[in-house]
Number of protein chains: 2
Amino acid sequence: MTVDKNNLKQLFPDLEEDLYNEIIKHGIIKEVKAGDTLLKVGQTIRSTMLILDGLVKLYREDDEGKEFFIYHLDAGQACSLSMVCAAKHETSEVLAKALTNATVLAIPLGYMDQWMSKYKSWYQFVITSYRNRFEELLKTIDAIAFKSMDERLEFYLKKQVEKLGNNLKITHQGIANDLNSSREVISRLLKKMEAKNWLTIHRNSIEWLKKD
Amino acid sequence: MTVDKNNLKQLFPDLEEDLYNEIIKHGIIKEVKAGDTLLKVGQTIRSTMLILDGLVKLYREDDEGKEFFIYHLDAGQACSLSMVCAAKHETSEVLAKALTNATVLAIPLGYMDQWMSKYKSWYQFVITSYRNRFEELLKTIDAIAFKSMDERLEFYLKKQVEKLGNNLKITHQGIANDLNSSREVISRLLKKMEAKNWLTIHRNSIEWLKKD
DNA sequence: ATGTCTGTGTGACTTATATCACGGTTGCTG
DNA sequence: CAGCAACCGTGATATAAGTCACACAGACAT
């Protein structure tokens, strides 16, 4: 995949003309396959990443390697963490995995700083990015602090449907991992939701029916 | 309380000379009393806040008004959320309360933008602030996603001790609220910790003994 | 078709946490 | 001092979630 200016404008509107040119000039395109790890916990970050295509999943990892899903990044978004870490030459605190084949644009960290003072739109973009990620994190906290498993499951499925469509190719075990629960619990809860006609369960997939 | 440059330099090192002058010139000092609310959920934010003195507690609120503690801000820190919200004229997502009497410096949001491109040190400060808050949030997520109540309580008490000293003036109910648990549970867990000589329980206060 | 692997369904059980219902203590206030 | 309110301790019980054990079903290779 290649990037041209129109392409960029669609994904990242409201940037300055010159900035698009710079991005095209200095950004390094990377293609990753579904399932690939984009960012490991503890990895030093040398560039900011803009998602051009595909869907990326962010996880938090615990000591024993259990992966807790925190949020998605999709085309037109930036990995705020990579921004902030990059700016301080620090290491990653999260795990990022491509859920689908994806294309990302890596911006070497030098430009990040430079553009920040040179282009007001870049500064706006970074700040907005941050705010959005922060909000996602707060929503995640709400879910685990205040909600029970069935509500969290509903919330989770809705997020998936929003990004991936009504037909989710996912296993019960996969959901359990993302929510840091266990397969049996998820299976039983899904059963209840099926009884309420919110969804239908198939092998290796779930079809979401509920509207609102 | 008033601010002079030396004062500022101690609290916020590594900023440019001119920037200190601007901060003093344009910042508005606000004194708040212990227990006061600095920021309500849903409130529109018009300025960025720098904490000059005292300790502020940040909460996330649920639909029924339950308050879940997320992190502290103390002197020398900035409310990142106020920064990001300010930049977009948006409303607050969190609740901030002064735990002690506190002094904050409000920077009208216009300067926030201006300084961002004018002073590299300001940009660095904002980004660093962000990163730190983000990390706190991730730690909070770790705690609730992966840990059990006793571990969370320990983690919580340690954070309090770090900020407030070994003698915590707090009730069991207060802790329960912060952790979104119930008084009885906290009482019982504290009992166990007392048996392990980690702390001693007094009426209205807890004395932390554990070293490491 | 046979075996094997992965995904799913389900009952029985354990455990952590929440809730209920008390009773006791401290300390303030009229 | 009486009375009240806030704080704390504790047993009984309820509930949600996690764990264990096992059975079964579809997919796929040999």
Side-chain angles (χ1 to χ4, degrees), chain A residues 34-35 62-69 140-157 160 167-208, chain B residues 34-35 62-69 141-157 160 167-196 198-208:
Chain A
D62 86 341
D63 340 308
E64 284 105 32
K66 276 192 284 185
E67 297 167 358
F68 183 81
F69 169 68
T140 303
I141 287 184
D142 285 351
I144 41 183
F146 298 122
K147 314 267 182 182
S148 52
M149 208 60 213
D150 53 352
E151 291 174 292
R152 288 177 53 201
L153 178 57
E154 188 188 346
F155 178 67
Y156 171 86
L157 289 174
Q160 308 296 312
N167 227 310
L168 299 174
K169 206 188 147 302
I170 194 167
T171 76
H172 300 184
Q173 185 64 62
I175 298 174
N177 291 341
D178 279 359
L179 294 176
N180 198 42
S181 175
S182 65
R183 182 188 61 79
E184 295 93 323
V185 172
I186 300 301
S187 282
R188 285 191 251 261
L189 291 175
L190 285 173
K191 212 91 228 274
K192 283 189 200 164
M193 293 185 177
E194 193 175 36
K196 287 194 272 184
N197 285 318
W198 289 10
L199 48 78
T200 48
I201 302 173
H202 307 283
R203 186 184 176 82
N204 285 315
S205 79
I206 288 166
E207 199 184 342
W208 187 252
Chain B
D62 85 340
D63 341 307
E64 284 104 32
K66 277 193 285 187
E67 296 167 0
F68 183 82
F69 169 69
I141 288 185
D142 285 352
I144 40 180
F146 299 123
K147 314 267 183 183
S148 53
M149 209 61 214
D150 54 351
E151 291 175 292
R152 288 178 53 200
L153 178 57
E154 187 188 347
F155 178 67
Y156 172 85
L157 290 173
Q160 308 297 312
N167 228 310
L168 298 175
K169 206 186 148 304
I170 194 166
T171 75
H172 299 185
Q173 185 65 61
I175 299 174
N177 291 341
D178 279 0
L179 294 176
N180 197 43
S181 175
S182 65
R183 182 188 60 80
E184 296 92 320
V185 171
I186 300 300
S187 283
R188 284 190 253 262
L189 292 175
L190 285 172
K191 211 95 228 271
K192 283 189 200 165
M193 293 185 177
E194 193 175 37
K196 286 192 273 185
W198 290 9
L199 48 80
T200 49
I201 302 175
H202 308 284
R203 186 183 176 81
N204 284 316
S205 78
I206 287 166
E207 200 185 343
W208 186 252

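Just so it is clear, the values below take in all heavy atoms, side chains as well, and ignore hydrogens, waters and symmetry mates.
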In whole angstroms, how far is the C1' atom of C/dT19 from the CD atom of B/Gln173?
-> 13 Å
Can you tell me if B/Ser148 and B/Glu151 form a side-chain donor-acceptor pair at under 3.5 Å?
-> yes
What parts of residues 175-193 of chain B reach DNA chain D, counting only heavy atoms under 4.0 Å away?
-> B/Arg183, B/Glu184, B/Ser187, B/Arg188, B/Lys191
Once you round to the nearest 0.5 Å, how far does CD1 of A/Ile186 lie from CE of A/Met149?
-> 4.0 Å
Earlier contact from the 5' end, DNA chain D, for A/Met149 and A/Asn204 = A/Met149
N or O in side chain of A/His172 less than 4.0 angstrom from C/dG9 OP1/OP2 | yes
Spacing between A/Glu194 atom CD and C/dT8 atom C1', to the nearest angstrom = 12 Å
Is a donor on one side and an acceptor on the other found under 3.5 Å between the side chain of B/Arg152 and the backbone of B/Ile144?
-> no
Could you give me the CA-CA distance, side-chain angles and deciding distance for B/Ile201 and B/His172, then say whether side chain to side chain contact (heavy atoms under 4.5 Å, CB included) is met?
-> CA-CA 10 Å; B/Ile201 302 175; B/His172 299 185; 3.8 Å; yes
Whole-Å gap separating P (C/dT8) and CG (A/Leu199) = 13 Å
Can you tell me if A/Asn180 uses its side chain to pair, donor with acceptor, with the backbone of B/Ala145 under 3.5 Å?
-> yes
Keeping the roles fixed (side chain from A/Glu207, backbone from A/Asn167), state whether a donor-acceptor pair exists under 3.5 Å.
-> no
Separation of D/dA17 atom P from A/Lys147 atom NZ, nearest Å, is 13 Å
Donor-acceptor pair under 3.5 Å: do we get one between B/Arg203's side chain and the base of C/dT26?
-> yes
